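Notes follow the structure.
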Amino acid sequence: MPASKYKIQRKCKVCGTLFYAKTVSSWYCSRNCTCAAYRIKKRDEKNEQKRKEKASKIPDDRPYISVAEAVALFGISRNSLYRLINNGTIPAINMGQRLTRISRAHLEASFPLIEEQPKELPVTPASYKFDESDCYTIGQITEIYGVSESTVYKAIRKQSIPSCQRGNYVYVPKVEIDKLFKSVKS
């Protein structure tokens with residue numbers, strides 16, 4: 001991706017330091033932070049896979065489950081489970097060292113099961129025919145709505161409105177621009 005001509009100050013998602021992004025899609029301040037974010041992502045994917053495998057092996061007909069199984073099924077932290085058991089909110093049986101069993105019915109009543117999140121399909125933008133009759137040029141937009149060219153370009157970029165350049169003119173669909181600037185028009 002080409003470098004941005006604007007100075008975009010961002011906070012690194014890994015270390016939290018402020019930096020100037022070299023591109024619009026930069027979220028990490030250095031190569032080290034990018035690699036660390038990749039390792040964190042892969043570790044989380046691996047842990048999620050292990051959780052799914054453990055949850056799939058637990059039979060549905062068992063009335064009492066272990067703490068590790070409850071963590072896998074309901075996504076609750078171990079500390080939260082033990083705190084709820086100590087408070088008496090969730091009934092449990094201690095059958096010896098490392099043999100705490102929790103009532104599955106009470107857990108299901110208190111917490112929903114973790115279900116697979118359907119992967120969101122990418123939104124496909126509407127295809128436009130950039131005919132001159134169906135589009136405005138940037139100059140026409142500035143005349144009609146009384147805004148500057150920079151405002152128009154920023155709004156197009158921010159709203160992800162498709163545009164097409166032919167020669168010296170940039171064409172933008174009238175429908176999208178009218179929706180965007182309808183409150184400005186007097």
Side-chain angles (χ1 to χ4, degrees), residues 1-4 6-127 154-162 176 179-180 182-183:
M1 175 162 261
S4 173
Y6 303 105
K7 287 192 175 188
I8 303 169
Q9 189 173 18
R10 291 212 172 123
K11 190 174 186 180
C12 179
K13 289 187 173 184
V14 174
C15 66
T17 60
L18 293 175
F19 71 100
Y20 286 107
K22 293 182 180 178
T23 64
V24 178
S25 61
S26 298
W27 292 105
Y28 307 107
C29 63
S30 66
R31 176 88 174 135
N32 289 341
C33 287
T34 304
C35 292
Y38 178 77
R39 287 191 303 271
I40 291 168
K41 178 184 170 188
K42 289 299 178 183
R43 182 193 67 209
D44 290 345
E45 288 174 357
K46 187 177 179 181
N47 289 342
E48 182 64 18
Q49 184 65 31
K50 285 181 183 178
R51 186 200 65 78
K52 286 179 185 177
E53 288 175 8
K54 186 175 242 183
S56 67
K57 292 179 183 178
I58 301 169
D60 291 334
D61 58 345
R62 284 194 4 217
Y64 287 91
I65 56 176
S66 70
V67 172
E69 292 170 341
V71 168
L73 278 175
F74 299 99
I76 312 163
S77 71
R78 297 176 85 81
N79 292 338
S80 295
L81 279 174
Y82 283 117
R83 186 179 65 245
L84 291 171
I85 291 169
N86 290 337
N87 290 343
T89 308
I90 296 175
I93 300 170
N94 191 357
M95 303 168 85
Q97 188 177 12
R98 292 186 166 185
L99 292 175
T100 302
R101 298 294 181 247
I102 304 167
S103 171
R104 185 177 187 150
H106 284 86
L107 280 174
E108 287 176 351
S110 300
F111 303 102
L113 284 173
I114 296 177
E115 295 180 7
E116 287 273 335
Q117 299 278 339
K119 292 190 177 183
E120 294 180 17
L121 298 174
V123 178
T124 56
S127 59
K154 286 178 187 175
I156 289 171
R157 220 178 12 254
K158 186 175 181 181
Q159 300 296 324
S160 300
I161 297 173
E176 296 292 329
K179 275 195 283 186
L180 183 63
K182 68 181 174 185
S183 63

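Note that the numbering runs from 1 along the sequence shown for the chain. Treat the numbers as computed from the prediction; the structure is a model and nothing was measured.
- Interatomic distance, NZ of Lys11 versus CG of Leu18, reported as 7.0 Å (0.5 Å rounding).
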(request) Check the pair Gln159 / Leu180 against side-chain contact (heavy atoms from CB on, under 4.5 Å), numbers first and verdict last. (result) CA-CA 9 Å; Gln159 300 296 324; Leu180 183 63; 3.6 Å; yes

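- For the atom pair CD1 (Ile90) and OG (Ser110), the distance works out to 5.0 Å, reported to the nearest 0.5 Å.
- Residues Phe19 and Ser26 approach most closely at CZ-O, 4.2 Å, considering heavy atoms.
- Shown here for Arg104 and Pro59, the closest heavy-atom pair between the two residues is NH1-O, 2.8 Å.
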(message) For Ile65 and Leu107: C-alpha separation, side-chain torsions, deciding distance, then whether side-chain contact (heavy atoms from CB on, under 4.5 Å) applies.
(response) CA-CA 10 Å; Ile65 56 176; Leu107 280 174; 4.1 Å; yes

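- Nearest heavy-atom pair across Ala68 and Lys54 is CB-NZ, 3.6 Å.
- The two atoms that bring Met95 and Arg101 nearest to each other are SD-CG, 3.7 Å, heavy atoms only.
- By the 6.0 Å contact criterion, OH on Tyr64 is open, its count of non-hydrogen atoms from other residues, nucleotides or ligands being 12 or less.
- Without hydrogens or angle criteria, Glu69 side chain to Ser66 main chain gives a donor-acceptor distance under 3.5 Å.
- Judged purely by atom type and a 3.5 angstrom limit, Ser160 has no side-chain atom pairing as donor or acceptor with the backbone of Ile156.
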(message) Using side-chain contact (heavy atoms from CB on, under 4.5 Å), reason through Asn47 and Lys42 one step at a time and then give a plain yes or no.
(response) CA-CA 9 Å; Asn47 289 342; Lys42 289 299 178 183; over 6 Å; no

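- If you take CZ on Arg51 and CD on Gln49, they are separated by 10.0 Å, rounding to the nearest 0.5 Å.
- Scanning both residues, Cys33 and Cys15, for their nearest heavy atoms gives SG-SG, 3.7 Å.
- With rounding to the nearest 0.5 Å, the separation of CH2 in Trp27 from NZ in Lys13 is 5.0 Å.
- Between the Ser56 side chain and the Glu53 main chain, a donor and an acceptor come within less than 3.5 Å of each other.
- Taking the salt bridge (charged side-chain N to carboxylate O under 4.0 Å, His left out) definition, one finds that Lys158 meets it with nothing, sequence neighbours left out.
- Atoms SG and NZ, from Cys29 and Lys22 in turn, are 11.0 Å apart once rounded to the nearest 0.5 Å.
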Pairs under 3.5 angstrom only: tabulate donor-acceptor contacts from the side chains of residues 74-89 to other protein residues two or more places apart or in another chain.
{"from": "Ser77", "atom 1": "OG", "to": "Ser80", "atom 2": "N", "distance (Å)": "3.2"}
{"from": "Ser77", "atom 1": "OG", "to": "Ser80", "atom 2": "OG", "distance (Å)": "2.9"}
{"from": "Asn86", "atom 1": "ND2", "to": "Tyr82", "atom 2": "O", "distance (Å)": "3.3"}
{"from": "Asn87", "atom 1": "ND2", "to": "Arg83", "atom 2": "O", "distance (Å)": "3.4"}

